[in-house]
Amino acid sequence: MNISFTPDQHALLDAVDRIAQRHEGKATLGASHFEESAALQADLEGAGVFDAAAMEELGPVAAAAMVQRLARLPQCVELIASALLLPLLATALPRPCAVLWDQRDRPARWLPGARAVLCVRGNRVEAAPLTDDDVAPLDSPFGYPVGRLRAPDALAWTPLDIDAQALRRLWQLGVAAELTGCLDAGLQAVVAHVRERRQFGRPLGAFQAIQHRLAQAAVQVEAARWLTLQAAFTGTQADAATALAHAQQCTPTVVYDLHQFMGAMGLTLEHPLHRWTTRAKMLRADLGGAQAQLRALANATWGANEKAGT
Amino acid sequence: MNFNWTEEQAALRSRVRALLARELPPDWEHICRHGPGSPEQTAFSLGFCPKLAAEGLLVPHWPVEHGGRGAPAWEHFIVGEELFAAGEPRGPQYMNVNFIGATLMKYGTPEQQARYLPPMAAGQAVWCQGFSEPSAGSDLAALATRAEARGDAYVINGGKVWTSYAGMAQTCFLLARTGSGKGGIAIFLVPMDTPGITVRAIPSLIGHGDIHEVFFDNVVVPASARLGEEGQAWAIISYALGLERVGLARYAFSRRVLDRMVGELHAQGLFTDDAVRTQAARALAACEAARLLVYRVVDQRARGLPPTAEANLARVAVVAADHAVADFALDHFGDALCGDGWPLVLAHHERAIAAGIASGAAEIQLNLVAHEWLQLPREPRLERA
């Protein structure tokens, strides 16, 4: 048992942190729900950090921690497929890559701009190359570019020899990591706000009613952080389900509290809080949401439900 | 980062499990039904702990000169995790090995160490903590029990309350006031058979014989009973609580009880309802969250790093795990809580009532997370009356 990063993992995370810091101040707020950053994407590609998961000395732990860090940026970048799925399972696919679960014709984040799409239906995994013309962008209340395939069955789908269960585990891990980063960034922004904002003659953050709710949020975020890293290390079904169940489960309360304490400023597009909370609202429903992860956890721990489906 | 146990750690865990299988009697779950402070469990600990000591498993983390092996922090923690999951056969003695011993090693005189450490290392010492008072609970610094210096002795007057283990303790780790304010408190190591001490058990919801009142009526102790200097108590207590906060692997007992309940529901063909299964999984996830946050603290301790507010985060998560499992028991195992067929579940039920209240209110933990982890400003303090 050794719950600290290795020197190699630290070096990668420091490099990622430096890139993130360069972009942190460059967000353009006020105009849109989300902001894709081609420059950030290019910097990450250039530094080769998306290969980390497949490197023995770094591995999924470092990749998950990298996703946690990059999700704290106000700008968004496609992370889960690029940092986890492709390096570990589908090295031939180009980035960015969108992922469709269960149906080819549903809306999905990252379809606009994606160069490839993966679709998982049951145990079958298939992939197709994409151009911008293949995708119809959709308006959405979520902090990602969202679109739908214009003619899903007309694409050149190729079946992939990939274990759908393994892919699902990595997706659970990635969503848990991205949620952790979003909630963490939102929490830090709100903590900074309540330290400064004064009402009734003192900082909001000096009121115990607010302290306790933010402290509870901190407990949830830290638990999400370490559950995710454990899941990255062990690669087990149970740990992946635990990490995502926890993160998805705590999201509604944490997001509500963050907005509550940011007040009206957090309702504007000028403040970055929405960049994290609107992403979190999409991520909390991925793969069926917390209830589905809890079912998966029960199955993985205590055996499948003998009466399932009856 | 590596979440696997080393071969040595895994072997140690197996050794502890084998010892438990060998040493715990068939009626063990009935013995531990009323908690570590009950007369039954305390009496059991006095037979069990010497066996642990003989195996080198009672104080492995202590330095050699005090009867330990200087083993890594993880080793002591793994032993504690297994024992607590089994219902804590060390009874109240977990307290000695988790923090009183280490505190005496750091702050005690050679005489105090020579007197008190060997019985702890041998598994024959029962201590109680004289902290809370009727007017000093979460606000511990408001305590009023006085220790008045008189020549080369102190005369102690006052009263303590909620004192676990006082009924069978040989020694009290006592906080008393020698001056005013936080800086006016000292710690005394007081033999419980000193004239003037009266102990009264308080009937409670949370196990027989667990909580007491302790009265001090002109109790005279020599100055050599003082631990550290007058006024040093707060620093010593902070050190001790840093060790205590994650000393107990409460989530491991919760997990054990959860698995036990699920196993029984399974056997009865009742673990098929989706709502029951997801509630069990939610409780399991809460245990896992608590386990990892506690492991973070142990990891930092094993590296020799100073304690941080991560210990307070962990405590909050541990309380949530206790409650999640206790709620599952009430919702799906309520019939079994009646009668004495499921003593382990009953024991958990009672301990969970005190979770978040005993050994430092959860709200105080949240205050500490807010101030020290999130760096939020403190609430303005009121002047003490």
Side-chain angles (χ1 to χ4, degrees), chain A residues 1-6 9 59 61-62 65 187-188 191 194-195 202-203 205-208 210-220 222-227 229-230 232-234 238-239 241-243 245-246 249 290-291 293-303 305-308 310, chain B residues 1-6 9 74 77-78 259 262-263 265-266 269 271-282 284-286 288-293 295-296 298-300 302-303 309-310 312-317 320 362-363 365-371 373-380:
Chain A
M1 193 60 59
N2 174 350
I3 316 185
S4 299
F5 295 110
T6 64
Q9 291 169 335
V61 168
L187 176 62
Q188 297 314 319
V191 163
V194 301
R195 273 188 211 134
R202 52 170 146 148
F207 286 97
Q208 210 174 36
I210 292 174
Q211 291 182 347
H212 282 193
R213 278 158 71 181
L214 291 176
Q216 289 280 15
V219 173
Q220 305 288 20
E222 291 312 306
R225 180 187 319 283
W226 298 107
L227 287 170
L229 294 174
Q230 173 177 256
F233 181 86
T234 66
D239 287 344
T242 303
H246 171 83
Q249 188 168 245
Q291 288 299 312
Q293 316 322 321
L294 290 170
R295 274 197 295 275
L297 174 57
N299 292 344
T301 308
W302 295 301
N305 191 348
E306 291 142 18
K307 283 196 188 157
T310 60
Chain B
M1 198 166 296
N2 188 332
F3 289 84
N4 289 334
W5 300 107
T6 64
Q9 289 166 339
W74 273 113
F77 189 80
I78 289 167
D259 279 330
V262 167
L265 291 173
H266 228 309
F271 199 58
T272 52
D273 183 324
D274 224 28
V276 180
R277 294 171 66 88
T278 52
Q279 191 183 355
R282 195 174 303 121
L284 169 57
E288 279 292 283
R291 186 172 67 84
L292 282 184
L293 289 178
Y295 279 12
R296 268 291 293 175
V298 180
D299 186 73
Q300 304 289 298
R303 287 165 204 284
E310 279 189 277
N312 309 107
L313 292 164
R315 276 268 305 178
V316 175
E363 286 72 17
Q365 309 300 325
L366 291 174
N367 285 352
L368 292 166
V369 171
H371 303 151
W373 186 257
L374 298 177
Q375 304 284 305
L376 290 173
R378 288 176 182 275
E379 280 203 310

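These figures come from a predicted structure and were not determined experimentally. Lettering of chains follows the sequences in order, A, B, ..., and the numbering in each one begins at 1.
Taking CH2 of B:W373 as the reference point, atom CG of A:L214 lies at 14.5 Å (rounded to 0.5 Å). In this structure, CG on B:D273 lies 9.0 Å from NZ on A:K307, to the nearest 0.5 angstrom.
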*Take B:N367 and A:H212 through the side chain to side chain contact (heavy atoms under 4.5 Å, CB included) test and state the conclusion after the steps.*
CA-CA 7 Å; B:N367 285 352; A:H212 282 193; 2.6 Å; yes

*Kindly determine whether A:V194 and B:L376 satisfy side chain to side chain contact (heavy atoms under 4.5 Å, CB included), including the steps that lead there.*
CA-CA 8 Å; A:V194 301; B:L376 290 173; 3.5 Å; yes

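Interface residue A:R295: backbone and side-chain heavy atoms are both found under 4.5 Å from chain B. Of the two parts of A:A245, neither the backbone nor the side chain holds a non-hydrogen atom closer than 4.5 Å to a non-hydrogen atom of chain B. Both the backbone and the side chain of A:V191 come within contact range of chain B, judged by heavy atoms closer than 4.5 Å.
A pairwise comparison of heavy atoms in A:A215 and B:L374 identifies N-CD1, 3.9 Å as the closest pair. The minimum heavy-atom distance between A:A298 and B:A281, with the atom names listed, is N-CB, 4.0 Å. The shortest heavy-atom contact between B:M1 and A:I3 is CG-CA, 4.2 Å. In this structure, B:D299 and A:S4 approach most closely via the heavy-atom pair OD2-OG, 3.0 Å. In this structure, A:W302 and B:H266 approach most closely via the heavy-atom pair O-NE2, 3.2 Å. Among all heavy-atom pairs drawn from B:R277 and A:N305, the shortest one is NH2-N, 3.2 Å.
Side-chain contact check for A:Q211 and B:E379: no donor-acceptor pair (N or O, by modelled atom type) lies under 3.5 Å.
The shortest side-chain heavy-atom distance between B:E288 and A:Q230 falls under the 4.5 Å cut-off. Between A:Q291 and B:R282, some side-chain heavy-atom pair lies under the 4.5 Å cut-off. Using a 4.5 Å cut-off on side-chain heavy atoms (C-beta onward), A:R225 and B:L292 make no contact.
Here A:A206 is the residue among A:A224, A:A206, A:A62, A:A238 with the most heavy-atom pairs under 4.5 Å with chain B. Among B:Q279, B:R303, B:R291, the residue with the largest count of heavy-atom pairs under 4.5 Å with chain A is B:R303. Of the listed residues (B:G263, B:A285, B:A280, B:G269), the greatest number of heavy-atom pairs within a distance under 4.5 Å of chain A belongs to B:A280. Ranking A:D239, A:L229, A:L187 against chain B, the residue ahead of the rest is A:L229, based on heavy-atom pairs under 4.5 Å. When the candidates B:H371, B:R378, B:R296, B:E363 are compared by the number of heavy-atom contacts under 4.5 Å with chain A, B:R296 comes out ahead. When each of A:Q188, A:Q208, A:Q293, A:Q9 is scored by its heavy-atom pairs under 4.5 Å with chain B, the top score falls to A:Q208. Contact count versus chain A (heavy atoms, under 4.5 Å) is highest, among B:T6, B:L284, B:T272, for B:T272.
At distances below 3.5 Å, at least one donor-acceptor pair connects side-chain atoms of A:R195 with backbone N or O atoms of B:Q375.
Considering B:V369, B:V316, B:L293 as possible partners of A:E222, the one that fulfils the side-chain contact (heavy atoms from CB on, under 4.5 Å) test is B:L293.
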